[in-house]
Amino acid sequence: MRVAGARLASTAVPQYHLTTFGCQMNAHDSERMRGLLESLGYVPADQRDDADLIVFNTCTIRGSADERFMGSFGEAKRIKRERPDVVVAVGGCWAQSQKDTVFTTYPFVDIAFGPGEVNRLGEFLARERIAPVGAFSLDGRFSGELPLRRARAHQAWVQISVGCNCVCSYCIVPSVRGRERSRPLDDVVAEVTRQAADGVVEVTLLGQNVNSYGRDLDGASRATFAELLGAVSAVDGIARVRYMSPHPKDIKADVIAAHRDIAEVCQHIHLPAQAGSTRILKAMRRTYDRDRYLDLVTRIREGVPNISLTTDLIVGFPGETDDDFADTLSLVTEAQYDGAYTFLYSPRPGTEAGETLEDDVPPEVKGERIQALIEVVQATARERLARHVGTTQDVLVEGPSRTDDTRLAGRTQHNVMVSFPGTAAPGDIVPVVIDHSTSTSLSGRMADVPTVVGA
Ligand code: 5AD
Ligand code: SF4
């Protein structure tokens with residue numbers, strides 16, 4: 001295998017530099033790539049200029065993701081010109097979307113591969129000296145078989161499915177990640193068990209549409225998402241189970257019951273709505289309308305009254321009128337979100353909306369609308385988070401607070417960041433009395449008796 005390069009003459013140990021764009025799925029795939037590269041003897045380089053191998057794990061969800069990536073990609077091109085022996089590898093969703101032209105448009109690329117091919121990176125490195133390697137199958141394997149270098153010792157991501165069978169008209173994901181495939185329940189539980197033995201206390205189950213999990217499995221391995229939640233929660237040492245992201249159409253009573261009845265299943269659901277107007281939801285092909293979405297919110301709140309709901313909202317979808325947008329604003333106050341990610345609509349090549357609908361909301365109108373939306377989201381979140389003041393919350397400690405290293409920071413069950421003074425180790429779960437809230441975070445003080453998970 002070639003791990004050499006001009007630098008290898010001066011440094012005995014090959015160095016890699018990996019940059020990740022996009023969602024948690026990509027962040028997790030990057031943990032796998034790091035684990036694999038380090039098992040092959042590579043060490044991380046501080047900067048691209050020092051690296052023998054430059055890797056990008058890319059995203060293409062919106063035009064802005066492409067633009068962000070292009071800046072760093074240009075730097076790789078410059079480095080390749082200066083040091084032709086450097087190996088440039090580009091994986092992930094953007095690479096997949098460019099599969100037919102990547103080597104001709106970007107001749108400095110040695111290896112290009114889609115998100116389903118992450119587990120073959122070692123093989124690509126071995127083959128790359130013969131010819132550029134491109135691999136873009138949409139039914140590749142789970143990266144769960146690779147070694148792993150976890151970003152955090154006590155928290156882990158676990159892939160439960162890949163791909164997506166939805167046809168949301170704005171979304172490029174189904175075309176770059178393929179049809180949905182679920183990982184057998186036993187595999188998921190075995191991975192979580194290994195992680196727990198390794199000190200992990202919180203897992204986040206990952207998939208493009210987690211709650212349609214299991215429908216493609218057959219025979220003995222067939223299981224529902226709610227069953228999976230139960231099985232993962234039962235693993236010794238696992239104190240918290242989260243998941244990202246469900247589709248509202250697939251949240252059934254058994255999932256709500258899991259949040260109500262299983263202590264480990266966190267009191268938070270990220271429930272992407274995308275829009276508040278039934279007309280726009282229809283054009284987006286979300287398969288629910290405003291009333292059905294709000295019915296679901298009501299059912300969730302009946303089952304789990306104190307739960308946090310967060311969402312994704314797109315502003316400026318083709319044809320969005322002032323009235324449609326007003327429906328998105330009012331959805332935020334009616335659904336009482338604890339937080340929301342807001343996005344400007346971005347037409348994507350190959351998607352139904354990108355190909356057939358004119359991106360007709362003027363940029364300045366999109367700008368005004370997103371600003372107005374952010375204000376309503378913040379005001380609603382501020383009111384919602386205030387409910388925690390005066391309560392005691394179990395906080396999973398992540399480490400020193402990013403803004404004040406004399407304090408600790410961690411998350412509640414509801415997925416809200418809390419800062420507090422005190423001493424506790426990352427991974428401990430400690431009770432914190434909440435004294436203060438903002439629209440995005442809480443602060444407080446440790447209650448008298450810390451409980452230490454795993455002690
Ligand atoms: N334009 C804007 N936002 C988008 N999203 C997905 N595709 C687009 C697009 N073309 C948003 C959705 C999704 C989140 C991950 O990104 O809100 O839930
Ligand atoms: Fe980006 Fe979507 Fe791919 Fe995640 S799945 S990296 S958000 S395009």
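Note that the structure is a prediction, hence the values are computed from the model and not measured. Both counts, for ligands and for their atoms, begin at 1 and track the order of listing.
Scanning the protein heavy atoms around atom 16 (O) of ligand 1, the nearest turns out to be R62 NH1, 2.8 Å. Of the protein's non-hydrogen atoms, Y170 CD1, 3.7 Å is the one closest to atom 8 (C) of ligand 1. Atom 14 (C) of ligand 1 has D312 OD2, 3.5 Å as its closest protein atom, hydrogens excluded (heavy atom only). Here the protein heavy atom with the shortest distance to atom 1 (N) of ligand 1 is S346 N, 3.0 Å. What sits closest to atom 2 (C) of ligand 1 on the protein, heavy atoms only, is L344 O, 3.2 Å.
Taking a 4.0 Å cut-off on heavy atoms, I172 fails to register as neighbouring ligand 1. Ligand 2 lies less than 4.0 angstrom from a heavy atom belonging to Q208.
Using modelled atom types and a 3.5 Å distance limit, the side chains of H268 and T310 yield a donor-acceptor pair. Looking only at atom types and distance, the side chain of N209 has a donor-acceptor partner in the side chain of D250 under 3.5 Å away. A donor-acceptor pair shorter than 3.5 Å cannot be found between the side chains of E352 and Y170. If you check the side chains of R215 and S161, you find no donor sitting under 3.5 Å from an acceptor. Side chains of T19 and R48: a donor on one and an acceptor on the other come within 3.5 Å.
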**Evaluation steps, side-chain contact (heavy atoms from CB on, under 4.5 Å), between R369 and E320** = CA-CA 11 Å; R369 286 182 186 167; E320 184 186 74; 2.8 Å; yes

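Listed by number with element, the atoms of ligand 2 under 4.0 Å from a non-hydrogen atom of C93 are 3 (Fe), 5 (S), 6 (S), 8 (S). Atoms of ligand 1 found under 4.0 Å from any heavy atom of Y345 (numbered from 1 in listed order, with element): 1 (N), 2 (C). For ligand 2 and N26, the ligand atoms under 4.0 Å from any heavy atom of the residue are 6 (S). Those atoms of ligand 1 with a heavy atom of Q274 less than 4.0 angstrom away are 12 (C), 13 (C), 17 (O), 18 (O). Residue-ligand proximity, T60 to ligand 2, at heavy-atom distances under 4.0 Å covers atoms 1 (Fe), 8 (S). Atoms of ligand 1 lying under 4.0 Å from any heavy atom of I314, numbered from 1 in the order shown and given with element: 3 (N), 4 (C), 5 (N), 12 (C), 17 (O). Of all atoms in ligand 1, numbered sequentially from 1 with element shown, those under 4.0 Å from a heavy atom of R348 are 10 (N). Listed by atom number, the atoms of ligand 2 under 4.0 Å from C59 heavy atoms are 1 (Fe), 6 (S), 7 (S), 8 (S).
Each of H17, R78, R83 was scored for a side-chain hydrogen bond (donor to acceptor under 3.5 Å, both in side chains) with D49, with one residue passing: R78. In summary, of the residues considered (H388, Q267, R387), a side-chain hydrogen bond (donor to acceptor under 3.5 Å, both in side chains) with N306 occurs for R387 alone.
Ring centroid separation for the pair F56 and F69 comes in under the 6.0 Å cut-off. The distance between the ring centers of F113 and F124 falls below 6.0 angstrom.
When heavy-atom distances to ligand 2 are checked against a 4.0 Å cut-off, M25 has no atom that comes that close, whether in backbone or side chain. With a heavy-atom cut-off of 4.0 Å, V173 touches ligand 2 through its side chain alone.
A donor-acceptor distance shorter than 3.5 angstrom exists from the side chain of R301 to the backbone of I307, with no hydrogens or angles considered.
Metal site remark for atom 4 (Fe) of ligand 2: C23 contributes an N, O or S atom at a distance under 2.8 Å.
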